[in-house]
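Read the structure below first, then the notes.
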Amino acid sequence: MLGGISIWQLLIVLGIIILIFGTKKLRNLGGDLGGAIKGFKQAVNDDDETTSKPQQRVKHDESPGNETIDSHTDTREKEDTRK
């Protein structure tokens, strides 16, 4: 059962934790942890809503007069003309 840990051992550990920290601190810790998880779930859901919106497509002009120039080759050509 649970990798060799019995229910009695778990109860003893829980009792020691309650004696060390007290019930009020543990209650506050549980509330803080629950609030953090709730906030995380809301952030994930909000992020899903914003990314699930369809993105607008941009149409590129592919006419023969609009050719792209590679800046790397353009630089080489300038160096050749300077020599």
Checklist entry - Sequence neighbours excluded, which residues qualify as side chain to side chain contact (heavy atoms under 4.5 Å, CB included) partners of L29? => result none
Checklist entry - Got a sec, which residues hit side chain to side chain contact (heavy atoms under 4.5 Å, CB included) with I17, two or more places apart in sequence or on another chain? => result V13, F21, L26
Checklist entry - Quick one: hydrophobic cluster around L33, which other residues, with the 4.5 Å side-chain cut-off, linked directly or via members? => result I37
Checklist outcome for this item: d(K25 NZ, N28 CG) to nearest 0.5 Å is 9.5 Å
Next on the checklist: Is there a path of hydrophobic side-chain contacts, each under 4.5 Å between heavy atoms of I/L/V/M/F/W/Y residues, joining I12 to I5?
Outcome noted: no
Next on the checklist: Is the shortest side-chain heavy-atom distance between L14 and L10 below 4.5 Å?
Outcome noted: no
